[in-house]
Amino acid sequence: LKQVFNKDKTFCPKRRFEPGTQRFELHKRAQASLNSGVDLQAAVQLPSGEDQNDWVAIHVVDYFNRINFIYGTICEFCTERTCPVMSGGPKYEYRWQDDLKYKKPTALPAPQYMNLLMDWIEVQINNENIFPTSVGKCKEEVL
């Protein structure tokens, strides 16, 4: 575990909420409810008077940051040599298609697949049309 928590390899979330903004306050509320021992159903319920799109956006970004953190702890152990296929066990193989470089579903080593996936998700999260940084400005565009 020393390698995972090495100070030189510390994970830094790719997207943060600006302190002093309403989104930052919603993020703090979400974090507090998730860390308080309450049941998850109550923790994810929309707070009274808040915009549903903003609340969902906060959770999507938090989820992405947590997954990115988890992936960061194992990525050095999953190389193209040790993980030549992106799979979900022996019965499922994931293939990458983005209609840009990969026009057809393409088998890739797990690290390459994950890097493409995390980059794609980050682009979606940073797209102002999908996740605007101004509270209450959602344009109802769906992924």
Side-chain angles (χ1 to χ4, degrees), residues 3-36 38-143:
Q3 294 172 353
V4 173
F5 295 107
N6 183 335
K7 283 187 354 182
D8 297 328
K9 297 180 181 181
T10 302
F11 165 77
C12 182
K14 292 189 174 205
R15 176 98 185 246
R16 295 186 183 271
F17 301 104
E18 202 63 39
T21 64
Q22 189 173 357
R23 283 242 170 127
F24 181 77
E25 295 306 315
L26 284 173
H27 168 72
K28 283 187 355 188
R29 186 185 282 176
Q31 291 300 96
S33 64
L34 288 173
N35 294 328
S36 66
V38 248
D39 71 286
L40 287 178
Q41 187 173 6
V44 298
Q45 284 197 336
L46 178 67
S48 178
E50 297 297 343
D51 182 79
Q52 181 177 6
N53 293 319
D54 291 328
W55 188 242
V56 169
I58 296 302
H59 286 284
V60 167
V61 172
D62 281 344
Y63 185 71
F64 171 72
N65 285 336
R66 289 169 194 253
I67 293 298
N68 203 18
F69 176 73
I70 292 167
Y71 177 62
T73 64
I74 64 166
C75 67
E76 68 184 87
F77 303 105
C78 182
T79 65
E80 291 190 12
R81 186 178 59 75
T82 60
C83 304
V85 176
M86 182 64 189
S87 68
K91 293 184 179 182
Y92 301 98
E93 180 180 321
Y94 297 96
R95 296 178 178 212
W96 185 259
Q97 179 179 0
D98 59 15
D99 295 326
L100 299 171
K101 183 177 177 185
Y102 300 93
K103 304 232 184 256
K104 295 182 178 183
T106 306
L108 297 171
Q112 187 178 354
Y113 182 97
M114 285 302 300
N115 287 334
L116 289 168
L117 178 62
M118 297 306 279
D119 288 347
W120 181 85
I121 293 169
E122 187 174 6
V123 166
Q124 304 311 305
I125 287 174
N126 290 327
N127 182 337
E128 284 284 325
N129 291 320
I130 301 172
F131 292 97
T133 53
S134 301
V135 173
K137 301 286 184 189
C138 185
K139 296 181 181 176
E140 301 292 330
E141 188 172 320
V142 180
L143 289 177

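Everything numeric in this text was worked out from a predicted model, so none of it was measured.
Atom CG of Asp51 is separated from atom CG of Asn53 by 5.0 Å, given to the nearest 0.5 angstrom. Separating the CG atom in Asn68 from the OG1 atom in Thr73 is a distance of 10.5 Å, to the nearest 0.5 Å. For the atom pair CD (Gln112) and CG (Leu117), the distance works out to 12.5 Å, reported to the nearest 0.5 Å. Rounding to the nearest 0.5 Å places CD1 of Ile125 at 11.5 Å from OH of Tyr63. The distance from atom CG of Leu116 to atom CH2 of Trp96, rounded to the nearest 0.5 Å, is 5.5 Å. Atom CG of Leu108 is separated from atom CE of Met114 by 12.5 Å, given to the nearest 0.5 angstrom.
Legend: salt bridge (charged side-chain N to carboxylate O under 4.0 Å, His left out) pairs involving residues 94-117, not counting sequence neighbours, sorted by first then second residue: Glu93-Arg95.
Under the side-chain contact (heavy atoms from CB on, under 4.5 Å) test applied with Trp120, the options Glu122, Gln124, Met118 reduce to a single match, Gln124.
Evaluation of the salt bridge (charged side-chain N to carboxylate O under 4.0 Å, His left out) rule for Glu80 yields no partner, not counting sequence neighbours. Taking the side chain to side chain contact (heavy atoms under 4.5 Å, CB included) definition, one finds that Tyr94 meets it with Met86, Tyr113, sequence neighbours left out.
Side-chain atoms of Asn115 come within 3.5 Å of backbone N or O of Pro111 as a donor-acceptor pair.
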